[in-house]
Chemist: 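Provided herewith is a single structure, encoded as C-alpha cells, for subsequent inquiry.
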Amino acid sequence: MSTGIVVVGAQWGDEGKGKVVDHLATDAAVVVRYQGGANAGHTLVVGGQKTVLHLVPSGILHPGKCCAIGAGCVVDPHELATELASLRAAGVAVEPDRMWISLRAQLVLPPHQRLDKAREAAAGAKRLGTTGRGIGPAYEDAVGRRGVRMVDLLDPDRLRSRVEGVLRERNLVLEGLGAEPFTTDEVLAPLLEIAEELGPFITDVGHRLDAHLRAGDIVLFEGAQGSLLDVSHGTYPFVTSSATVAGSASVGAGVGPGAVGRVVGITKAYATRVGAGPFPTELNDETGERLRRVGAEFGATTGRPRRCGWFDAVALRYAARINGLTEIALTKLDVLSGLETLQIAVGYKADGVDLESFPAVDLEQVEPVFETVEGWSEPIEGARVRDALPEAARAYVRRLEELVGVPVSMVSVGPGREAIIPWSSETYQSRHKSYSSK
Ligand code: GDP
C-alpha cells in the first residue's frame, strides 16, 4: 500500500494546512515540505502556545518525527537558521537525525529579495502582491540554471562561483530598476558563516524518504500556498512561482508518484485570498468584514488582511480534479456561527452561459450563481463529535461534500490542536484505522 499522504491547500492558501498536518502527523514518521519558501506561514497553537513556522514542517513539534525540506523548496538559509534557533529556544529537539534539508533545495539570497521589492515598487498598481521575500526571483534562477543550492554551501570555492553567476545576471536587473547592486563578498560572507550551522542538516532527502516508504511508514507531504495559486493551474498570472498541486509532492520531495496513497485537500468553510487576482465570491461588505474579524484573516507572514468571501464550489471542484483529492479536511466551520444564512457559489455565469469548469481566463468577468442555505447561531468550537453540531452546520458540510464530490474526512472547529471532528464519512474512518493499526 502507498503510505504517502499529500496535504494540499484546495483554495488560495491559508486554509489551515498547518493544523491538519499537525493532526495527521500523529501517525506519520516523516513530514516533508515539497515546494515554496518562507512565504508560507503555518500558525499552530499547541498547549495554548502559538508557534509560527515558515519553512520547517509543522511536524517538528511532534517529538520523534522526522522533518524534511525537499528539493522543490527555495530556502533563505538565514531565516531557516533563525527558525531552527527559535524552535530550540522553545525546547524542541532540532537535530540532524530528525531535520533534513535537501542537497538540491535552492537558496533565496539577498539579491532575490531586493529584486522582488524593487519590481513590486516599480509595478505600481500592477503589482502582484508578493510577500517580497525573493521567492519568485529564486525560482527564476533555479529554472535559469544559475541558482545556488544547499549542496554549494558545503564547498566554499563552488559557492563563490555560483554566487558570482547569480550576481552577473541579477545586478544588471537591479541597476535597471534603480536599486543597489551587490558585491560578491556582501552575499558570500554571511553564507560562509551560515554554512557551518546548516551543514550537518544537508542531506539527500529523496533517499531518506525512500527508505521510510519502503519500510511502510507514513510520510506526509506538506504543501504550501494553495492549488489556485499553482503556477500552471492557478489564476495566472496572479499565482505563486511553484507548482503547488498534489502532483508536485513527488517532484519536489524526490520520490515517485506511486508513493502517494491519499490526497487530502484543505479548505475553509468560506474562501479567502491574499494579494491581487480574481476572487469570484469576494465579499466587499459587512459580512466580508465579519469573516475577516472572526476568522482572524490576517497573513501569518506579512500581517496583511485577507480578502474574504463565500465558499466557491466551482473552484473546489476544479481543485478536486487537478489534485485528485481523495478526501477533504474542512476548516474554520466555527467562523460561520451566528450568520443567519450562508451562500455557496454553485456555478458561474459569464455572458449568460453557465461554466462547468474553473475558467483559465477572465475570471474577473464571471458572476457566481449562489445557493442560499440556513446558518446556525450557536458557537461550535467545543464540539468534538459530529452530533454535537447543530443540524444546519451538519447540513452545510453535507452540501459542500455533495457539490464538490469528495468525502469530508475531518472538520475543524477552532484553532486549537484538539478542535477537530473526525467526520464519519466511511472513507476517512476505515483508512485512518488501517493506518494507525499498522
Ligand atoms: P496554513 O498556512 O494553511 O496553515 O494557514 P494559516 O496557519 O495561515 O492559517 C490558519 C489559521 O487559522 C491559524 O491561525 C490557525 O490557528 C487558524 N485555524 C485553523 N483551523 C481553524 C479552525 O477550524 N477554526 C478557527 N477559528 N481557526 C482555525
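Both counts, for ligands and for their atoms, begin at 1 and track the order of listing. Predicted model, so just to flag it, every value in this text is computed and none were measured. No hydrogens, no waters, no symmetry mates; every other heavy atom, side chains included, goes into these values.
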Chemist: Please list, in number order, the atoms of ligand 1 under 4.0 Å from a heavy atom of S412.
Modeler: 20 (N), 21 (C), 22 (C), 23 (O)
Chemist: Can we say E15 and K332 salt-bridge, meaning some charged N sits less than 4.0 Å from an Asp/Glu carboxylate O?
Modeler: no
Chemist: Touching ligand 1 at all, R306? Heavy atoms, strictly under 4.0 Å?
Modeler: yes
Chemist: Evaluate V335 for polar contact with ligand 1, using N/O atom pairs at a separation under 3.5 Å.
Modeler: no
Chemist: Among V21, D14, V294, whose heavy atom sits nearest atom 9 (O) of ligand 1?
Modeler: D14
Chemist: Are any of the N/O atoms in G16 less than 3.5 Å from those in ligand 1?
Modeler: yes
Chemist: Are E289 and R292 within salt-bridge range, i.e. N to O under 4.0 Å?
Modeler: yes
Chemist: Pick from I5, I266, V264, V7: which one makes a side-chain contact (heavy atoms from CB on, under 4.5 Å) with V21?
Modeler: V7
Chemist: Would you call D210 and R214 a salt bridge, using N to O less than 4.0 angstrom?
Modeler: yes
Chemist: Measuring from non-hydrogen atoms of G414 to any atom of ligand 1, is the shortest distance under 4.0 Å?
Modeler: yes
Chemist: State whether R273 and E282 are salt-bridged, where the test is any N-O pair (Lys NZ or Arg NE/NH1/NH2 against Asp/Glu carboxylate O) under 4.0 Å.
Modeler: no
Chemist: I'd like the name of whichever of K17, K268, K332 reaches closest to atom 12 (O) of ligand 1 through any heavy atom.
Modeler: K332
Chemist: I'd like to check which ligand 1 atoms, numbered from 1 as shown, lie under 4.0 Å from a non-hydrogen atom of V413.
Modeler: 23 (O), 24 (N)
Chemist: Report yes if some N/O of K19 lies less than 3.5 Å from some N/O of ligand 1; otherwise report no.
Modeler: no
Chemist: Is any NZ, NE, NH1 or NH2 atom of the basic residue among E391 and R394 found under 4.0 Å from an Asp or Glu carboxylate oxygen of the other?
Modeler: yes
Chemist: Given T331, which partner from the list T267, V20, D14 fulfils the side-chain contact (heavy atoms from CB on, under 4.5 Å) test?
Modeler: V20
